[in-house]
Amino acid sequence: MQEIFGLIKEKAEKLFADGSVNRVLGWKKGETEYDRIPSVFESAEELEEFVYDGFCAANLSKYLIRESREDGKIAVLLKPCDSYSFNQLVKEHRIKRDNIYAIGIDCDGKLDIDKIKAAGVKAIQSIEENGSEVIVHTLYGDKKFNRQDVLLERCLCCKGKDHVSGDEFILAQNRVDTTVKDRFEDVRKLEAMTPDERFEFWRSELSKCIRCNACRNVCPACNCIKCVFDNEDSGVAAKANVDTFEENMFHIIRAFHVAGRCTDCGECSRVCPQHIPLHLLNRKFIKDIDELYGEFKAGADTETKGPLTDYRTGDAEPSLISDRGGSN
Amino acid sequence: MYYKMKVEKLPELYALIASEKALYLPIEQAGAVEFRKWDESSCVRLDCLNTLKSAKGVFLPQSENLVAFKTEGKNISVIDNSETAFPFVIFGVRACDARSFDILDRVFLSDPVDTYYKTRRDNATVVTLACNEPEETCFCRNFGIDAADPAGDASAWIVDGELYVRPNTEKGETFVSRLSQLLEEASDVEKLEAAKQSVRDILGKLPFAELNLDRFKGDNMLDIFHDPAWKSLSESCLGCGTCTYVCPTCQCYDIKDFDTGSGIQRYRTWDSCMFSDFTKTAGGQPRPSQVERFRQRFMHKLVYYPMNNDDIYGCVGCGRCVAKCPVSMNIVKVIKTLGGEKK
Ligand code: SF4
Ligand code: SF4
Ligand code: SF4
Ligand code: SF4
């Protein structure tokens with residue numbers, strides 16, 4: 001990504017110089033070797049801290065809810081998967097498209113620091129991305145990884161390298177496809193379980209939830225001004241899961257609420273400190289919607305009505321649940 | 001005085017402790033390591049450097065019942081259904097978490113004493129475990145914490161297949177005396193001292209080993225409070241609360257009433273100054289924007305707490321927030337941005 005890092009930076013500097021934007025939304029290097037902080041740059045000088053590499057996984061679209069309401073125009077950097085979230089937010093009128101200059105940028109998969117650490121890596125001093133290799137230097141010695149082995153789960157079933165929105169695109173000469181699995185593969189495994197096994201699986205996963213809200217707050221589809229779980233008057237507001245029912249409910253309600261709007265950007269699972277595979281809940285909904293209403297990709301464009309927000313006479317009837325045997 | 005035994009005997013040690021008292025250990029469940037009550041089927045992970053949530057939860061659980069109210073006709077009965085006290089040992093606490101107990105004590109044991117917290121503190125024997133392989137996120141050293149020689153009622157080390165134990169307090173002496181059938185006096189203390197030194201060498205080489213904290217003192221409170229850097233520091237913050245929920249020293253809680261249908265369950269739950277409704281009252285939210293909420297968390301750790309507590313910082317450098325913030329924003333970045341670079 002080194003080649004396009006330079007191109008993106010040049011482009012951003014140019015946009016500042018000709019006055020087309022007064023801010024650029026990108027990433028800046030944080031304190032550890034792998035920390036990349038979503039950041040608003042307000043001048044060409046500030047771009048000194050700009051970075052684009054394998055750790056720039058954060059989806060920037062959601063910040064536009066706030067930033068597109070500020071004065072002036074902002075340029076935003078969108079990876080292919082982020083461009084779906086961007087479209088969905090435009091469709092929901094949550095961001096002001098006219099105040100945004102969207103630059104689609106290339107992506108060759110983003111690295112998962114947790115996978116690197118799970119391999120026993122500690123006290124990291126520096127990390128080198130070298131083509132298909134990632135070399136980690138630590139105080140206890142070096143470790144070499146095959147890049148593909150330490151990519152985020154979402155990158156292994158990438159939606160494709162084509163952007164679905166953008167005013168301009170900055171792409172690499174050689175584009176790398178990281179897709180190695182079908183995104184519904186793990187959902188099928190869950191579907192093949194007995195209801196008891198499946199319940200056991202989710203209980204075990206959700207029992208780890210510390211209710212930190214990172215999944216919700218990072219989610220571009222979770223864009224309510226006040227979440228029902230923060231609303232004292234709703235009767236379900238909570239700052240902790242006090243029992244198993246609450247552990248389940250928070251996630252089930254959230255999955256329902258983003259159904260048909262979730263673009264499968266993978267941010268929830270990426271940020272969950274407990275590594276709960278939240279994407280599997282969302283993908284189950286996506287798969288069901290595909291099967292019941294025909295294939296639908298949330299965020300593929302800014303106009304099409306979502307299957308759950310549209311009514312057609314041929315729509316699935318509620319009786320479908322019993323037809324399916326109630327086990328799915 | 002140091003004692004020791006072979007690490008293979010750890011399960012026997014756990015069983016012996018648990019035969020008398022409840023025993024909390026870092027235990028893995030569904031891939032997550034937390035301090036949990038031990039039983040024979042537990043998967044103990046003494047090698048885990050930092051549990052996801054800190055050891056604080058053993059003394060200040062994420063949520064706990066305080067009292068219940070039941071209505072029958074015109075009568076309201078008040079039922080104390082808080083947890084019944086029991087003596088316990090918490091084993092495997094890292095030096096940073098051990099220090100966090102001192103920080104929490106100053107809050108919860110000061111007048112008015114928090115009896116729920118105090119009961120658990122009184123009932124606890126804290127056995128710490130020295131760190132062997134600190135991570136790049138660790139910066140306990142900046143707060144005068146020695147990860148190679150942790151505090152607690154007793155301290156433990158694992159070196160070359162052997163567990164060393166040293167009692168530090170009366171409770172620690174009692175703890176060790178109950179384990180006499182497994183422990184023997186250690187005569188090779190030099191070996192242990194050498195191991196401590198090599199860990200200290202690593203601690204000194206970690207990337208955050210020497211942060212400059214000079215600016216963070218009471219005299220500079222308003223100056224820091226009004227620093228324009230808070231705006232850009234906080235701009236990526238999601239207001240999620242991950243940092244506060246994993247932090248060993250975050251101490252804020254909310255008291256809530258849950259309508260059970262036939263009465264009220266009053267309980268307390270951790271709260272986070274990062275949340276949009278934190279300390280919200282009828283008059284509104286005193287910190288209406290995320291900049292103010294974000295500032296609060298770090299001002300509390302680095303300025304307000306030390307001002308009220310003999311210059312002791314309210315952070316122990318465990319690095320959990322560094323590792324877990326979804327946007328990679330954390331206290332180290334705040335210290336470096338506001339306080340300048342290395343000494
Ligand atoms: S991010 Fe993970 S731990 Fe936090 S609320 Fe979501 S599922 Fe729970
Ligand atoms: S600093 Fe990070 S962890 Fe803390 S509330 Fe903000 S986004 Fe969440
Ligand atoms: S502020 Fe961060 S580093 Fe400091 S004690 Fe809390 S979680 Fe640990
Ligand atoms: S911060 Fe210090 S005491 Fe805590 S785990 Fe790291 S090295 Fe050990």
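Order of the sequence lines fixes the chain letters, A, B, ..., with proteins taken first and strands second; residue numbering starts at 1 for each chain.
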So which part of [X] gets closer than 4.5 Å to some heavy atom of chain B, the side chain, the backbone, both or neither?
| X | value |
| --- | --- |
| Leu139(A) | side chain |
| Glu232(A) | side chain |
| Arg270(A) | side chain |
| Glu33(A) | neither |
| Ala214(A) | both |

Gap between atom [atom2] of [Y] and atom [atom1] of [X] - 0.5 Å precision:
| X | Y | atom1 | atom2 | result |
| --- | --- | --- | --- | --- |
| Thr242(B) | Asn217(A) | OG1 | CG | 8.0 Å |
| Lys208(A) | Glu34(B) | NZ | CD | 10.0 Å |
| Ser236(B) | Tyr63(A) | OG | OH | 5.0 Å |
| Phe258(B) | Glu246(A) | CZ | CD | 6.5 Å |
| Leu238(B) | Cys219(A) | CG | SG | 11.0 Å |

Test item: [X] and [Y] side chains (from C-beta on) under 4.5 Å apart, heavy atoms:
| X | Y | answer |
| --- | --- | --- |
| Arg66(A) | Glu235(B) | yes |
| Glu133(B) | Tyr140(A) | yes |
| Thr269(B) | Val242(A) | no |
| Val246(B) | Ile210(A) | yes |
| Lys333(B) | Ile37(A) | yes |

Does [X] have more than 12 heavy atoms from other residues, nucleotides or ligands lying within 6.0 Å of its [atom1]?
| X | atom1 | result |
| --- | --- | --- |
| Asp71(A) | CG | no |
| Ile255(B) | CD1 | yes |
| Lys226(A) | NZ | yes |
| His257(A) | NE2 | no |

Is there a donor-acceptor contact under 3.5 Å from the side chain of Arg211(A) to the main chain of Tyr245(B)?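 Not a single qualifying donor-acceptor pair exists.
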Under 4.5 Å, counting heavy-atom pairs only, tell me which of Asp277(B), Leu52(B), Asp47(B) racks up the most with chain A.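 Going by pairs under 4.5 Å, I would pick Leu52(B).
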Given the options Lys256(B), Met274(B), Glu64(B), which has more heavy-atom pairs under 4.5 Å with chain A than any of the others?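 The answer is Lys256(B).
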Chain A heavy atoms under 4.5 Å from [X]: which part of the residue, side chain, backbone, both or neither?
| X | answer |
| --- | --- |
| Ile202(B) | both |
| Lys53(B) | side chain |
| Ser276(B) | side chain |

Select, from Ile124(A), Asn213(A), Thr138(A), Val271(A), the one with the greatest count of heavy-atom pairs under 4.5 Å involving chain B.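 Most pairs with chain B among the choices: Ile124(A).
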Can Lys239(A) and Trp270(B) be said to form a side chain to side chain contact (heavy atoms under 4.5 Å, CB included), step by step? CA-CA 7 Å; Lys239(A) 288 170 177 161; Trp270(B) 291 354; over 6 Å; no
Salt-bridge test for Glu135(B) and Lys117(A): reply yes if a basic N is under 4.0 Å from a carboxylate O, no otherwise.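 Yes.
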Carboxylate-amine/guanidinium contact Glu136(B) Lys122(A), below 4.0 Å: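 Here Glu136(B) does not pair with Lys122(A) in a salt bridge, since their nearest N and O are not under 4.0 Å apart.
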State, to 0.1 Å, how close Ala240(A) and Ser63(B) come at their nearest heavy-atom pair, and which atoms those are.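 Shortest heavy-atom separation between Ala240(A) and Ser63(B) comes out as CB-CB, 4.2 Å.
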Checking side chain to side chain contact (heavy atoms under 4.5 Å, CB included) against Asp35(A), which of Val332(B), Val327(B), Asn330(B) comes through?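 Answer after filtering Val332(B), Val327(B), Asn330(B): Asn330(B).
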Would Asp230(A) and Phe275(B) count as a side chain to side chain contact (heavy atoms under 4.5 Å, CB included) if you check the C-alpha gap in whole Å, the side-chain angles of each, and the deciding distance to 0.1 Å? CA-CA 9 Å; Asp230(A) 289 346; Phe275(B) 289 164; over 6 Å; no
